[in-house]
Amino acid sequence: MSAICAPNPANMSNWFSYENPGISEAAKILKQANEHISESLQNSGTFLAEMLPLQNAYEEASEEGWDGYDAEKINYATYVNAQKFLSLLPAGIEAPEFTPESDGEISIEWQKSSKRIFSVSVGQDGRLTYVGFYGKSRAKGVEYLDDEIPQNILSNIKRILQ
Amino acid sequence: MTKFLKTFYLTLKEYFNNKDSSEVEAEKFVPSEEPIIRHVFSKSHCANNAVKWQAFSPNMKQGITTSVSRCQGWSCDEKKQNGIGVGIESNREIKARAELIVQSAMSVNLAVEISEPPIRHANIINWHQDKEDRKEQAMELVNEVYSHKIY
């Protein structure tokens, strides 16, 4: 008769500190960025609940053809950029919606009606493609995510939320 | 019989030779008054009982096109069955559909080109090359949808 041995919790922390020599440098950088973002989110007071819709969108679009029409999957770099964008939003901003796109990008948007919507598409290289509808007025362009959200985009977020 | 077939052949040949290029070109496109459907297989592309603009974003791997079905004369059930059939090919469950008139696509500088087989299949084409312009087209196009059906 064999005995079932339960894992010793004291040893479990070692499981997560194991260095897998198979991880590439790029993956390490992304991992560090992800950890930094998670820490920033906790420090800024952004609740974990705001991350869950983003995570759900990422997981739903994590394989090729996820939309039934041969869509490109959302890769991890795009997901990390979307997390970074979320972490850099000013405190108190209304939570946006996250939607995967067929070209592998994630849209982050605020919509008040069919005529009032501001949407930013986040790409794997940090490219931010934005379009805003404000009644008959329009705004659109391209920026890149750096250590802060570009002013053009922040202005449009404030405009849609006012 | 042979004489009849020869006359018939020559008549057809003359007919097609006399057609001008604009008439031939027009037959490639779905008439502007016809309804079309975009089937949706991702729950992320539906919200608040409506299909979102992202559902219309073109496929970049196949010539920047958006696949649709021509649904002239179809009942609600036939429209749904068409969507289920499209989903079977990609092993996806139908989640919703959005219906609009071809003229609506033309109003945002798009066109709907017949692309068969399969029968009744068409593609929305003429999307802009730049992402921000394509995105604007898709966001305007969804506002032209006259019927959203979430299953």
Side-chain angles (χ1 to χ4, degrees), chain A residues 53-74 96-109 111-123 125 127-143 152-153 156, chain B residues 38-48 50-69 83-97 108 121 123-124 127-128 130-146 148:
Chain A
L54 173 58
Q55 186 176 342
N56 290 341
Y58 169 60
E59 287 174 353
E60 194 196 346
S62 57
E63 56 184 34
E64 298 291 327
W66 55 269
D67 69 343
Y69 295 105
D70 203 21
E72 294 184 39
K73 69 177 183 180
I74 293 177
E97 282 186 21
F98 305 96
T99 308
E101 297 183 37
S102 60
D103 59 1
E105 299 193 346
I106 294 178
S107 44
I108 300 176
E109 60 192 28
Q111 183 164 13
K112 295 301 178 184
S113 70
S114 61
K115 305 284 187 205
R116 292 187 62 81
I117 175 173
F118 179 66
S119 178
V120 183
S121 298
V122 181
D125 57 353
R127 180 180 161 108
L128 305 173
T129 309
Y130 66 91
V131 174
F133 284 7
Y134 308 100
K136 292 183 181 177
S137 298
R138 295 279 189 274
K140 60 182 176 182
V142 177
E143 297 279 0
N152 265 345
I153 290 181
N156 277 284
Chain B
R38 174 66 170 174
H39 295 297
V40 177
F41 303 96
S42 165
K43 63 179 187 290
S44 294
H45 285 175
C46 311
N48 302 321
V51 171
K52 301 172 79 170
W53 67 263
Q54 289 86 346
F56 286 93
S57 287
N59 185 306
M60 305 304 291
K61 296 178 187 173
Q62 297 170 10
I64 317 185
T65 61
T66 299
S67 174
V68 293
S69 298
I84 291 172
V86 172
I88 285 174
E89 292 177 20
S90 53
N91 198 26
R92 300 285 164 182
E93 185 184 343
I94 187 81
K95 297 284 191 264
R97 70 172 188 262
V108 297
H121 180 254
N123 285 319
I124 300 178
W127 293 95
H128 277 291
D130 296 330
K131 166 91 187 228
E132 62 271 31
D133 296 320
R134 278 201 307 277
K135 193 168 155 131
E136 183 182 21
Q137 282 179 301
M139 290 166 71
E140 287 181 336
L141 187 63
V142 80
N143 285 340
E144 300 293 326
V145 170
Y146 66 79
H148 297 263

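Every value quoted in this text rests on a predicted model; they were computed, and no experiment measured them. Reminder, nothing fancy here: chain letters follow the sequence lines and each chain counts from 1.
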(message) Out of A/Gly141, A/Ala71, A/Ser114, A/Gly132, return the one with the most heavy atom pairs under 4.5 angstrom to chain B.
(response)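 Of A/Gly141, A/Ala71, A/Ser114, A/Gly132, A/Ser114 has the most heavy-atom pairs under 4.5 Å with chain B.
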
(message) Just so I understand: if I count every heavy-atom pair under 4.5 Å between each of A/Asp70, A/Asp103, A/Asp67 and chain B, which residue has the most?
(response) A/Asp70

(message) If you compare all heavy atoms of B/Val51 against all heavy atoms of B/Phe56, which two are closest, and at what distance to 0.1 Å?
(response)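 That closest heavy-atom pairing would be CG1-CE1, 4.4 Å.
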
Would a distance-only check, ignoring hydrogens and angles, find a side-chain to backbone donor-acceptor pair under 3.5 Å from [X] to [Y]?
X: A/Ser102; Y: B/Pro58; answer: yes
X: B/Arg38; Y: B/Ser67; answer: yes
X: B/His45; Y: A/Pro100; answer: yes
X: A/Asp125; Y: A/Arg127; answer: yes

(request) May I ask you to check whether B/Phe41 and A/Tyr69 place their ring centres under 6.0 Å from each other? (result) yes

(message) Given heavy-atom pairs under 4.5 angstrom as the criterion, report whether the side chain, backbone, both or neither of A/Gln111 touches chain B.
(response) neither

(message) Taking side chain as everything from C-beta outward and backbone as N, CA, C, O, which of these in A/Glu64 sits under 4.5 Å from a heavy atom of chain B? Side chain, backbone, both or neither.
(response)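 For A/Glu64, backbone and side chain are both near chain B.
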
(message) Does A/Arg116 qualify as a cation-pi partner of A/Tyr134, given the criterion of NZ or CZ under 6.0 Å from the six-membered ring centre and within 45 degrees of its axis?
(response) no

(message) Just to be sure I understand the criterion: a residue of residues 135-144 of chain B counts if one of its heavy atoms is under 4.5 Å from a heavy atom of chain A. Which ones qualify?
(response)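 When heavy atoms of chain A are the reference, residues 135-144 of chain B contributes B/Lys135, B/Glu136, B/Met139, B/Glu140, B/Asn143 within the under-4.5 Å range.
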
(message) Any non-hydrogen side-chain atom of A/Ile153 less than 4.5 Å from a side-chain atom of A/Phe118?
(response)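 Touching, per the 4.5 Å side-chain cut-off.
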
(message) Please classify the contact between B/Lys95 and chain A as side chain, backbone, both or neither, with a heavy-atom cut-off of under 4.5 Å.
(response)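 Contact with chain A: none, neither part.
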
(request) Could you tell me which of B/Asp133, B/Asn91, B/Asn59, B/Val86 has the largest number of non-hydrogen atom pairs under 4.5 Å with chain A? (result)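 Greatest number of close heavy-atom pairs with chain A: B/Asn59.
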
(request) Give a yes or no on whether a salt bridge exists between B/Lys131 and A/Glu101, defined as a side-chain N under 4.0 angstrom from a carboxylate O. (result) yes

